[in-house]
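Only one structure is covered here, and it is reproduced in the block below.
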Amino acid sequence: MRTITYGKAISEALHEEMLRDESVFVMGEDMAVMGSVFGLTKGFLDEFGPNRVIDTPISEAGFSGMAVGAAIRGLRPVVELMYVDFATLAYDSIVNQAAKIRYMTGGQVKVPLVIRAPGGAGRRNAAQHSQSLENWFTHIPGLKVVAPATPYDVKGLLKTAIRDDDPVIFIEHKFCYAQKGEVPDGEYTIPFGKADIKRPGKDVTLIAYSRQTNFAMEAAEILAKDGIDVEVIDLRSLVPLDWETIEASVKKTHRAVVVHEAVKRGGYGAEIATQIMEGVFDYLDAPVKRVAALNVVIPFSPTLEDLVFPHVKDIVAGVKDVLR
Amino acid sequence: MRTITYGKAISEALHEEMLRDESVFVMGEDMAVMGSVFGLTKGFLDEFGPNRVIDTPISEAGFSGMAVGAAIRGLRPVVELMYVDFATLAYDSIVNQAAKIRYMTGGQVKVPLVIRAPGGAGRRNAAQHSQSLENWFTHIPGLKVVAPATPYDVKGLLKTAIRDDDPVIFIEHKFCYAQKGEVPDGEYTIPFGKADIKRPGKDVTLIAYSRQTNFAMEAAEILAKDGIDVEVIDLRSLVPLDWETIEASVKKTHRAVVVHEAVKRGGYGAEIATQIMEGVFDYLDAPVKRVAALNVVIPFSPTLEDLVFPHVKDIVAGVKDVLR
Amino acid sequence: MPVKTKTNTNKDAIKYYREMKEVREFEMKAVELFTEGFMAGNLHTSVGQEAIAVGVCAALKPADLMVPTHRGHGQVLVRGSDPNLMMAELCGKSTGYCKGKGGSMHLANVELGILGTNGIIGASLPIGTGSALASKIKGTNEVTVIIFGDGASNEGTFHESLNMASAWKLPCVYICENNLYGVSTDIRRVTSVQDISTRAKGYDIPGVTVDGNDVYAVMHAVSTAIERARRGEGPSLVECKTYRHRGHYEGDPQIYKPKEEVEEWKKRDPIVRLRKEIIESGMASEAEILDIEKQVAAKMEAAAVFAKESPFPEAYEVTTDIYSSDNERSVAR
Amino acid sequence: MPVKTKTNTNKDAIKYYREMKEVREFEMKAVELFTEGFMAGNLHTSVGQEAIAVGVCAALKPADLMVPTHRGHGQVLVRGSDPNLMMAELCGKSTGYCKGKGGSMHLANVELGILGTNGIIGASLPIGTGSALASKIKGTNEVTVIIFGDGASNEGTFHESLNMASAWKLPCVYICENNLYGVSTDIRRVTSVQDISTRAKGYDIPGVTVDGNDVYAVMHAVSTAIERARRGEGPSLVECKTYRHRGHYEGDPQIYKPKEEVEEWKKRDPIVRLRKEIIESGMASEAEILDIEKQVAAKMEAAAVFAKESPFPEAYEVTTDIYSSDNERSVAR
Ligand SMILES: Cc1ncc(C[n+]2csc(CCOP(=O)(O)OP(=O)(O)O)c2C)c(N)n1
Ligand SMILES: Cc1ncc(C[n+]2csc(CCOP(=O)(O)OP(=O)(O)O)c2C)c(N)n1
Ligand SMILES: [Mg+2]
Ligand SMILES: [Mg+2]
């Protein structure tokens, strides 16, 4: 199979969906002339024209709200927030409009809107450009939330997101853009709410999403050398959640670790951990362990930043912890 | 002891702190001439003048950001968001500015800012005026988060919030404003991070905050008649959290229920439940139970709205569940 | 002098009168139900401001779209909605336009192009601007009118929306109902300009202020703006000066308004005014007008009865309509 | 013709030249460290725009406050900050102004009234406006200058801030560095007005556009605005037209800029221009200028050495400074 980057996979998904369906358009800062700051829409302006590849002013509240309006009118906007941290500015459009309009109107409308936004730390982008904020969105009914880790997944899930009739918060990881992986040539999609067992195992269930999936895989390799057989579950979509896969795995392993790059307090890891406790308490031989970021603001200094969020060694330690 | 409403208690706290410290000022929509839509600052304009009792335009992003600027300059702004749902509009000021400026400047500044905002459902205010959003804020390091239930607590905690040098998200419950309780005449404050055991008990630990504390107390009364001795812990402040009180209680009761009005998925209940599992797993005789709102948008229709968030009977059922 | 404008006809005048009266009666009936406890939550009436809803709707073509305000009963009604289904919605009944899930603040009738009133001040502007963007992308020629209050013009979304609409010449019209107050706050105390329409200069678009209690003035100004938008020349800002007679919401004692101001504006009641014009100019007799009024009253009484007699939504409805696909699972956990 | 303005003196001209040169050298040194891998993250240089930082700072009194942009090295430096501590901050070192926690995008020097650069476009406006509100409440007479880009003027916070500042006559000055682009986006493609200063009309405040590459023009316009603000007459909007020579951030190949435009603007380099003026008018000899340049170069070289040799923060620093009280417990869980 051919190997492409996560960034290229996103680009292909956007391109294919724009070819497939005229109602799909992309909008955001520096999407057209520059082809996005991460280069994901290079060439799109020439191919699809300025009506479907839109450079916006720096007006996140405005253009995200416009996307809601356009979605209600039957188009399929794919909006980019340059960093997920800027969701603060588009927040009302997302939370009080996109997520709620269908319900508030008693089902009169659909809101087929995708908001793509890179999250994640490690690039020395400091406090306002490095956050992982997915749990804000899982807490808002009406939103679907997706956070893929690999080129294969990001492509298949983005295509699904674009075809989905609900607002989807599509969280990419800026560190993954350059990362390569196998992606088939032909057309495929990946359904929401279907976790991927990236590595089967019998001793511990290790649940991750986004970039931490890759760290989890590395940790599993290391642990295998110590004779610990880790099952790595990549959630891929947080809402809807594939509970069945988690349940089956923990029933088998009796131990679980949840890992994410977001701040631990109030994060999605607590949700997963609690659901495991609620669902399979009697199977648990140890408390579910969270491996997550410190409850701190993200510092600029490289040496400090590396202390904030989980690395492979932290996951290894976390797994060993639940086996003690 | 005299009995006053929760609203009056807030009003007194604001008034006393404004008298005590010239650097305190209030600002928000309809705070001055009208004395706030809930009547909490009636008479303040005449007493303290327009420089310290400020009617803003409907510009939440602007005036919340201005409050951050004024706080950095050494004043102590107390900002009202008319409904916590409008935090979406002030969100960048709260999340990327207020919470982070101290850290980003390496401790050069303090941000003594209070954002007061009523949350909660049940008043038929529909989807955009009824949410409980505290877990967004606990997830942002740099913010303190407080959610009092009673007149006594709201007064003492608001005074602490105003004197605190950090940004405090002070969540009131709109249903509590008219509710009465004992409040002493003299000056007092209540420290953050000190939960209140509102009712001691030995069978189950019932953890709540904001209005649900009152429901929890009612539920405990009912359960007492069935011979179930419930310990009700009112967290009062979510950040900082009084873990010691929770820990001691669960070590005693071996069972815990967490209740809140916010949507269950991604809520603070998961955080508490997980911390209990992490901290005292071996003491638990049953999984920690969450009693929380459905994962839905809040409907206008009274009959539907009442199905969304926990009522006394739901808490009673929840407690019985963990005793089974 | 409304009756002197050139496009005015007897038929129009009477139609406008009936429409304004319908809005007034609808809302007074809602107030009644509210007071009697059949309705809960926030009820924002537009009593005194009805000429704007009527003038705006008169300027619209069938395919045009509208994003009304939180004070939007009139706009939704005059555009052609059924008062029965509206009143039912205000009462939270399953027969309402939104199955009772929306209520007064979230009235929508998308079939008629009414994209929904909004409880978030300022949110209607980007949504409506996005509708206009959709028309541009689709290459169709409907226009979106976006209605909002004076207070909303101080939200950042006003700025962002008008800028993009102007820069991209989007087919929309921004209509500001300036009733001088946002809740208790006199707009002049918190706003840097006397007339909201002045702000048009900051976006290089036409801005005009009209008497919002003159249905013809509103209709003409909005028509001009719509035509411009339809020609692809971009948006305009139309400010309609008006006044709300009742509280911001039902129950608001309006202590913040000077008595004389209230009295002054009550004299300019758009309904009283048009009624007088019609009768004085002989377009209709008082008897004919009384007859219309009787019909309108009966219609709104019927709406109240319909709403009262309608059932509340069934319990299962609480978890439907959150998602259009995979709803059950996405709500479950 | 900058040298002909009446307040101009030899001493000023040379001071301004030295300051502009310091900014340029500081940033080129930063680029060097960035390229060599001593610095990471986003580095936004202001090469080509130095006259604005210098002109603005020349207009300030010691107690005045400043909220710079994300492209704010020059503003922070010229206001009196130590290049050593700045460069250390850019390298994430513990000796930096923010102990390495902020970096280039969050430079602050609050002692000098520099309230912090900001990574969120548009966030500087309300923060600075709030600083002005604080002055009003305190009854003191310092003025806050708020600097932001052309792109930022399309954020809603621009609107909300200018409206409140105008309505309440707050002592601040809004200074727009219009370098024609926000990242790759030509401001003219996404903005409804030719000159950002036109927007002042929407807030009933003075608005002026000046040549941002002319340090005197900037200084005069900002001085006038500051005096007005200090007299309690409210804010002004000063637009400084300029151009950035380097990429939006280091590494940006600027494919979106027409070559001729770049060439045209490079000719208007504010530093080259003032140098020429000084020498031609005889205010200083080329030798004297060369001497200044040597001093400046040495200073910035020293800053680079200082930054390189400074230690990274110790690990415990990651959890300090989140809260001013109860930090440990509030971070723990
Ligand atoms: C974002 C937001 N802020 C505040 C409110 C509370 N609120 C509801 S209506 C209103 C006043 C709106 O004033 P205006 O836009 O003039 O409309 P009017 O009510 O006068 O018709 C306010 C402040 C809200 N609903 N949304
Ligand atoms: C709210 C927000 N949106 C987008 C960005 C990404 N971004 C950083 S700088 C920039 C361009 C800013 O343009 P302008 O205001 O003209 O300043 P300039 O960079 O030209 O100095 C953008 C879009 C951001 N940092 N914050
Ligand atoms: Mg109004
Ligand atoms: Mg720029």
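We use all heavy atoms of the structure for the numbers below, so side chains are in, but hydrogens, waters and symmetry mates are not. Order of the sequence lines fixes the chain letters, A, B, ..., with proteins taken first and strands second; residue numbering starts at 1 for each chain.
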If we define contacts as heavy-atom pairs under 4.5 Å, which of C:Ala134, C:Ser131, C:Ala332 has the most with chain A?
C:Ser131

In this structure, CD1 of C:Ile322 is separated from OH of A:Tyr103 (nearest 0.5 Å) by 5.0 Å

Does any heavy atom of chain C fall under 4.5 Å from the side chain of A:Glu60, the backbone, both, or neither of them?
backbone

Chain A contacts: which residues in residues 110-122 of chain C have a non-hydrogen atom closer than 4.5 Å to it?
C:Val110, C:Leu115, C:Asn118, C:Ile120

Heavy-atom distance under 4.5 Å to chain C: side chain of A:Thr56, backbone, both or neither?
both

A:Gln108 (side chain) donor-acceptor with C:Ala108 (main chain) under 3.5 angstrom:
yes

Answer yes or no: is there a side-chain heavy-atom contact under 4.5 Å between C:Leu133 and A:Ile54?
yes

Interatomic distance, A:Arg73 atom CZ to C:Leu65 atom CG [nearest 0.5 angstrom]
4.5 Å

Where do C:Leu170 and A:Met66 come nearest, in terms of heavy atoms and distance?
CD1-CE, 3.9 Å

Taking side chain as C-beta onward, heavy atoms only, is C:Thr157 less than 4.5 Å from A:Asp92?
no

Please look at C:Asn327 and chain A and tell me whether the side chain, the backbone, both or neither of the residue comes under 4.5 angstrom of a heavy atom of that chain.
neither

Applying side chain to side chain contact (heavy atoms under 4.5 Å, CB included), run through C:His106 and A:Lys100 and close with a yes or a no.
CA-CA 10 Å; C:His106 307 296; A:Lys100 295 182 172 51; over 6 Å; no

State whether the side chain of C:Lys138 and the backbone N or O of A:Gly74 hold a donor-acceptor pair below 3.5 Å, judged by distance alone.
no

Any residue of residues 140-150 of chain C which, by heavy atoms, sits under 4.5 Å from chain A
C:Glu142, C:Thr144

For A:Lys110 and C:Ser324, work out which heavy atoms get closest and say how close.
CG-OG, 3.9 Å

Within the distance-only criterion (no hydrogens, no angle test), does the side chain of C:Arg333 pair as donor or acceptor with the backbone N or O of A:Trp243 below 3.5 angstrom?
no

